[in-house]
Each structure stands twice: as C-alpha cells, then as structure tokens.
There are 2 protein chains.
Amino acid sequence: MARTSLAERQDIHNSEGPALCRACEARHRGICGALTPNQLVALSKHTARHAYGSDEELAATGDDVRRYANILSGVVKLTRLMADGRQQIVGLQFAPDFLGRPFKRQSDVSAEAATDVSVCSFPKSVIEGMIDQSPELGHRLHEQALKELDEARDWILTLGRKSATEKVASFLYLIASHVDPEHKAEDGPICFELPLKRADIADFLGLTIETVSRQITKLRKVGTIVVEHNRTVTVPDLRRLRECCEVDR
Amino acid sequence: MARTSLAERQDIHNSEGPALCRACEARHRGICGALTPNQLVALSKHTARHAYGSDEELAATGDDVRRYANILSGVVKLTRLMADGRQQIVGLQFAPDFLGRPFKRQSDVSAEAATDVSVCSFPKSVIEGMIDQSPELGHRLHEQALKELDEARDWILTLGRKSATEKVASFLYLIASHVDPEHKAEDGPICFELPLKRADIADFLGLTIETVSRQITKLRKVGTIVVEHNRTVTVPDLRRLRECCEVDR
DNA sequence: CGTCCTATTGAAATTCTTCAACACTCGTGG
DNA sequence: CCACGAGTGTTGAAGAATTTCAATAGGACG
C-alpha cells in the first residue's frame with residue numbers, strides 16, 4: 001500500500017498524472033490534455049471505464065445524462081429516430097473524442113456503439129467544476145463543438161446535394177482520412193476496416209441498404225476500391241476516390 | 001462636443017454602456033450581454049454597422065476574416081458551393097446571432113444576406129482578448145456553437161430521411177417557430193414573411209425550385225397553409241403543420 | 001443442420017429532377 | 001402610358017435516380 005501511495009505521489013510530482021491516465025492513449029489528445037496533473041488526479045477518482053458491444057446504447061434519447069465520457073477506442077454513432085422508425089445518424093465520433101452535450105440535461109440524439117467501444121466516463125459535475133478553474137479546458141470543449149459543427153455542415157452538403165455514388169464515396173473517404181488523418185499516404189494505397197455495417201452506412205447517408213450496396217459494387221467494379229469480407233476496404237489511389245466525392249452527374 | 005463626451009462618461013458610470021449599444025435591440029441577447037459596461041465601451045470603439053442587400057456576400061469562402069459580427073436584423077444564409085455549381089445552405093442565422101468562426105482563420109462556408117441585413121461588426125482580436133478576461137463571454141460563444149450544432153443535427157435528419165413534402169413543412173415550421181420562439185400561439189393562426197426565396201429554400205432543403213414550388217402548392221391546396229404574394233404565409237393551425245413534418249409516407 | 005444476421009442482386013414502383021412553357025411583378029425607358 | 005426585360009414563381013410531361021419488394025447467398029453460432 002505504501003508503495004502505491006508513493007508511486008502516486010511521484011506521479012504528481014513528475015507531472016505525469018495518475019497511473020491510470022498514464023496508460024491511457026487518449027491522455028494527451030482528448031480533453032484530458034488540458035488538465036493539470038492535480039486535476040487529473042481529482043478526475044481519476046471519479047472515472048470508470050466501460051465497454052460496449054456493437055449496437056449497444058451508451059446513452060438513450062431523453063436520458064438525464066449525468067456523466068460525460070472520452071472515447072478510448074471504437075466508433076460511436078449519434079442517431080436520431082423518427083416516430084415511424086426512420087433513423088438517421090447525425091454524427092460519428094472516434095477516439096479520443098469527448099462524448100456528451102455540455103450545459104444541457106437532455107439530448108434528442110442517442111449514442112450507440114457502432115463497433116466495440118471502450119470509454120472512460122466521469123460525472124458532469126466534476127468536469128463542469130474544473131472548467132471554471134481551467135479556461136484551457138473550456139476552450140478545448142469549445143473547439144470540439146466547433147469541429148463537430150464544421151463536420152456536421154460538411155455532411156449537410158453531402159446529404160443535400162450529392163448523388164448516391166458521391167455519398168458512398170464521401171463516406172469511404174471520410175473513413176479513409178480518419179485512418180490517415182494527415183493524408184500522409186496521399187499516393188500509396190490505404191487499407192482499413194469499415195467501422196459501420198451497411199445498415200449504419202445507409203442511416204448515415206440517408207439512403208437504403210440496397211442503394212449503398214449497389215454503389216459499393218459500382219465503385220468496386222470500376223476499381224476505385226477493393227473489398228474483402230464485406231468490411232475490409234483497400235483504396236489503391238486516394239485521389240481517385242476523392243474525385244468520386246464531387247464529380248458525378 | 002462637451003455634451004456628448006459628458007453623456008458618454010455618464011453612460012459608463014451608470015453601467016449602461018455606450019449610447020450606441022443602449023439603442024441596440026441585440027444588446028442583451030447577443031454575446032454583448034456577457035460584457036461588462038467597460039468592455040462594451042472598449043468594444044464599441046471598434047464596432048461598425050453595415051447593411052447588406054439580399055444576396056450580398058458578407059464574407060466569402062476562403063476569406064481571411066478578421067472581423068466578427070452580430071446580426072442586428074435580417075436573416076443570413078451560410079452556404080457551401082461545389083465545384084460544378086451545386087449549392088447547399090448549411091445554416092441560417094437570425095438576429096441576434098453571432099456571426100463568425102472563432103479560432104480559425106478560414107472557413108469553407110460563405111455568408112450571404114438572405115434578406116436585407118444589418119450587422120454590427122468588430123475585429124476578432126478585440127473579442128478574443130476579452131474572452132480571456134471574461135469567462136462568461138467564452139461560455140456564451142460556446143453555447144451558441146452548441147446550439148448551432150443541435151440545429152445542424154436536426155437538419156441532417158430532415159435532409160437524410162424526410163420526403164419533399166415533409167422537408168418543406170419542416171422549413172415552414174422552422175420559420176414559424178422562429179417568429180414565435182415560445183410557441184405561444186400554438187393554437188391561434190400565425191402569419192409571417194418567408195425570409196427566403198424559392199431558390200434559397202431549395203438550396204436549404206436539398207431540392208429543386210420546382211419541387212419546392214409543387215410541395216408548397218400541395219400544402220396550400222389541403223389548407224395547411226395560406227400563401228399571399230408568394231412570400232406571406234399564414235398557418236391557421238400550427239399543430240397541423242407540425243404533423244406534416246413527420247408523418248408522410 | 002437450421003437459423004439469424006448481413007450483404008447482394010433483380011425488377012417494378014415511386015419520387016424527384018429535368019426540360020420547357022407560361023404567368024406575374026416591378027422598374028426602366030421610349 | 002405602354003412595351004420590354006429581368007427576376008421570380010408555377011405547372012406539365014418525360015426522364016432518371018432511388019426505393020421498395022422479393023429472392024438469393026455466405027458466414028457465424030448453437
């Protein structure tokens with residue numbers, strides 16, 4: 001016991017934070033990167049890790065959500081449901097995104113795991129208390145909201161004005177760019193697993209499963225993508241895929 | 001001259017802020033409501049009012065925008081344009097919304113006046129300096145970003161999953177609720193001017209002008225709305241209009 | 001081996017777009 | 001005062017894109 005306690009104190013002193021956090025891959029990139037070691041220690045007293053399987057609900061529509069979370073791994077889909085069952089994915093979140101809607105009790109979107117997901121959650125109240133002491137934290141949350149807003153607006157253009165082929169290409173490009181955020185492999189081939197099944201892709205693109213399937217087949221047949229086992233996609237030339245996102249009339 | 005100067009000093013002393021701001025209808029609702037009288041005075045030294053006619057551009061895509069603005073009156077459309085000319089409105093902003101994208105030099109959306117618009121603009125640098133001193137200001141900007149994000153996600157559902165009739169009904173409902181934010185007149189009839197012409201409505205809904213026109217005609221013929229002079233809409237029963245936003249299959 | 005889940009494919013039906021014609025309003029200038 | 005054109009909105013008919021309905025196939029799992 002004494003050893004642990006010493007180690008923890010050392011963590012604080014050498015500005016590395018709690019052991020739990022040091023082992024966290026999202027430690028520097030998520031909102032935690034804005035916290036001081038002391039804040040991290042305080043926060044880590046209230047954190048809990050959770051794992052969810054595909055299609056499991058992290059937070060239901062209308063829930064009085066009292067906790068926020070950081071995504072440690074996996075992809076989370078934010079969905080909206082209409083009374084008659086029509087569904088639309090209104091946002092996708094990847095690690096190390098922050099999950100939650102600050103300053104509001106309820107939300108009309110529900111969060112579901114698209115893949116296997118693990119998160120690190122903590123009570124709203126703790127974070128909200130820290131915002132007042134650490135402007136940097138509030139700033140990061142603000143930044144994330146603005147980033148999500150930019151992404152939502154990109155998606156509005158896609159939903160409103162693109163053809164089915166362009167939509168599917170845009171989705172694949174979105175995933176590809178997320179695998180390779182810096183566009184390093186602009187030339188070389190990229191390979192990735194689709195985090196969404198066809199039904200989810202359809203709900204994301206505002207199409208039917210069948211249309212999605214047909215467009216993927218189409219892209220496959222012209223060689224823009226190679227698909228194995230339905231989920232593994234290889235893009236031989238990213239530029240060619242990007243061209244499919246816009247020019248198709 | 002001496003009189004003016006005295007009056008200005010009194011403004012400061014009685015905590016009412018500069019005369020310019022006192023006469024401003026957006027004074028308390030926009031971000032200015034988060035400023036101290038001293039900050040308002042400082043800000044007002046750099047503010048300028050501008051007026052724009054319909055379809056005039058407030059800020060072009062890719063502009064290095066150095067100023068923010070508050071909308072004093074009118075409606076602003078945020079649009080995205082594709083290389084081949086396809087256009088999509090990705091957001092609508094009404095008085096007293098804040099206009100601008102904090103923490104980012106360029107934006108890929110352009111802002112255009114949908115109606116006649118007047119704004120009160122000021123340099124980014126002034127506001128950004130004030131954020132550090134006034135957490136309340138940063139908080140308000142954050143709130144507005146989150147509000148816009150919620151709205152964008154509502155719209156994503158509309159674009160992705162609703163039929164043309166539902167889309168047009170949803171648009172009319174959006175405008176109607178904006179005229180009457182508290183839904184006071186849930187029962188009684190509501191009358192308003194459409195701030196957008198048909199082409200803009202089409203760009204907002206991801207439809208063509210013709211389809212919009214046909215759906216309006218359809219809603220008119222079943223008595224859900226009454227239209228005069230193309231732009232003046234009366235909704236006899238808001239509930240009936242709301243029903244059209246979801247149930248139509 | 002059967003069942004469930006996921007994905008693909010075909011044919012018919014539907015929705016929305018495109019193309020084309022026309023109507024209305026408003027300002028300008030003969 | 002009227003003709004003209006530009007800008008805006010409506011309507012019809014044909015065409016294209018997407019959905020719906022239906023059938024099939026493969027993989028995972030008990």
Side-chain angles (χ1 to χ4, degrees), chain A residues 53-56 82 84-88 114-116 158-172 193-221 225-233 244 248-249, chain B residues 53-56 82 84-88 112-116 158-172 193-221 225-233 244 248-249:
Chain A
S54 184
D55 285 339
E56 237 184 294
M82 288 174 65
D84 59 3
R86 280 176 283 176
Q87 196 168 17
Q88 175 71 38
T115 62
D116 285 347
T158 299
L159 288 173
R161 288 301 182 200
K162 290 192 184 177
S163 70
T165 310
E166 290 173 324
K167 284 183 180 177
V168 170
S170 301
F171 168 73
L172 294 171
E193 288 286 299
L194 283 182
L196 272 57
K197 60 186 161 203
R198 298 291 184 274
D200 286 336
I201 300 176
D203 281 345
F204 190 50
L205 297 172
L207 299 171
T208 60
I209 298 176
E210 295 93 326
T211 304
V212 171
S213 180
R214 275 184 255 270
Q215 302 309 325
I216 289 181
T217 302
K218 201 166 144 190
L219 289 170
R220 201 163 35 70
K221 285 193 173 155
I225 58 173
V226 180
V227 182
E228 289 163 311
H229 311 122
N230 288 336
R231 288 283 198 121
T232 310
V233 176
C244 295
D248 174 83
R249 301 250 284 184
Chain B
S54 185
D55 286 338
E56 237 183 294
M82 288 173 64
D84 59 2
R86 281 176 282 177
Q87 195 168 18
Q88 175 71 37
E112 281 177 38
T115 60
D116 285 346
T158 299
L159 288 173
R161 287 303 182 201
K162 292 191 183 176
S163 69
T165 310
E166 290 173 324
K167 284 183 180 177
V168 170
S170 301
F171 168 72
L172 293 172
E193 287 285 299
L194 283 182
L196 272 57
K197 60 186 160 202
R198 298 292 184 273
D200 286 335
I201 300 175
D203 281 345
F204 190 50
L205 297 172
L207 299 171
T208 59
I209 298 176
E210 296 92 328
T211 303
V212 170
S213 179
R214 275 185 255 270
Q215 302 309 326
I216 289 180
T217 302
K218 203 166 142 190
L219 288 169
R220 203 163 34 71
K221 284 194 174 154
I225 57 172
V226 180
V227 181
E228 290 163 310
H229 313 302
N230 289 335
R231 288 284 197 119
T232 310
V233 176
C244 295
D248 174 82
R249 300 251 283 183

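Values below: every heavy atom of this structure, side chains too, minus hydrogens, waters and symmetry copies. Protein chains get the first letters and strands the later ones, always in sequence-line order, with residue 1 at the start of each.
One can place CG of B:Leu207 at 10 Å from C1' of C:dT17, the figure rounded to the nearest angstrom. The separation between B:Arg220 atom CZ and D:dT10 atom C1' is 9 Å, rounded to whole Å. Between the P atom of C:dC16 and the CD atom of B:Glu166 lies a distance of 9 Å, rounded to the nearest Å. Summarising the geometry, the separation between NZ on A:Lys221 and P on C:dT8 is reported as 11 Å, rounded to the nearest angstrom. Between B:Asn230 atom CG and C:dC26 atom P the separation is 10 Å, expressed in whole Å. As a whole-Å value, the separation of B:Arg231 CZ from D:dG7 P is 15 Å. Rounded to whole Å, the distance from CG on A:Leu194 to P on C:dT6 is 15 Å. What separates CD of A:Glu193 from C1' of C:dT6 is a distance of 15 Å, to the nearest Å.
With DNA chain C read from its 5' end, the first of the two nearest nucleotides for B:Val212 and A:Thr217 is the one closest to A:Thr217.
Distance from the side chain of B:Arg214 is smallest for C:dT18 among the nucleotides C:dT18, C:dT8, D:dT18. In this structure, the nucleotide among C:dT9, D:dT10, C:dC19 sitting nearest to the side chain of B:Glu210 is C:dC19. Distance from the side chain of B:Ser213 is smallest for D:dT10 among the nucleotides C:dC16, D:dT10, D:dG9. Which of D:dG9, C:dG10, C:dT8 sits closest to the side chain of B:Arg198 comes down to D:dG9. Proximity note for B:Lys197 (side chain, C-beta onward) versus D:dT19, D:dG9, C:dA7: the nearest is D:dG9. The side chain of A:Thr208 lies closest to D:dT20 when the candidates are C:dC16, D:dT20, D:dT18.
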Margin query: Show, in sequence, the C-alpha distance, side-chain angles and deciding distance for A:Leu219 and A:Gln215, and conclude whether the side-chain contact (heavy atoms from CB on, under 4.5 Å) test is met.
Written below: CA-CA 6 Å; A:Leu219 289 170; A:Gln215 302 309 325; 5.5 Å; no
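Within 4.0 Å of B:Ile216, counting heavy atoms only, lies no atom of the nucleic acid at all.
From B:Met82, atom CE reaches atom CD of B:Gln88 across 10.0 Å, with rounding to the nearest 0.5 Å.
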Cut-off 3.5 Å, no hydrogens considered: what does the side-chain donor-acceptor table look like for residues 196-208 of chain B, sequence neighbours left out?
| from | atom 1 | to | atom 2 | distance (Å) |
| --- | --- | --- | --- | --- |
| B:Lys197 | NZ | B:Asp55 | OD2 | 2.5 |
| B:Arg198 | NH1 | B:Asn230 | O | 3.1 |
| B:Arg198 | NH2 | B:Asn230 | O | 2.9 |
| B:Asp200 | OD1 | B:Lys77 | NZ | 2.8 |
| B:Asp200 | OD2 | B:Lys77 | NZ | 3.2 |
| B:Asp203 | OD1 | A:Arg161 | NH2 | 2.9 |
| B:Thr208 | OG1 | B:Thr211 | N | 3.2 |
| B:Thr208 | OG1 | B:Thr211 | OG1 | 2.9 |

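Not one side-chain nitrogen or oxygen of A:Thr211 sits closer than 4.0 Å to the OP1 or OP2 atom of D:dT18.
No donor-acceptor pair under 3.5 Å is formed between the side chain of A:Thr232 and the backbone N or O of A:Glu193. In this structure, the side chain of A:Arg231 engages the main chain of A:Leu194 through a donor-acceptor pair within 3.5 Å.
In this model, no side-chain donor or acceptor of B:Arg161 finds a partner on the base of D:dT18 within 3.5 Å.
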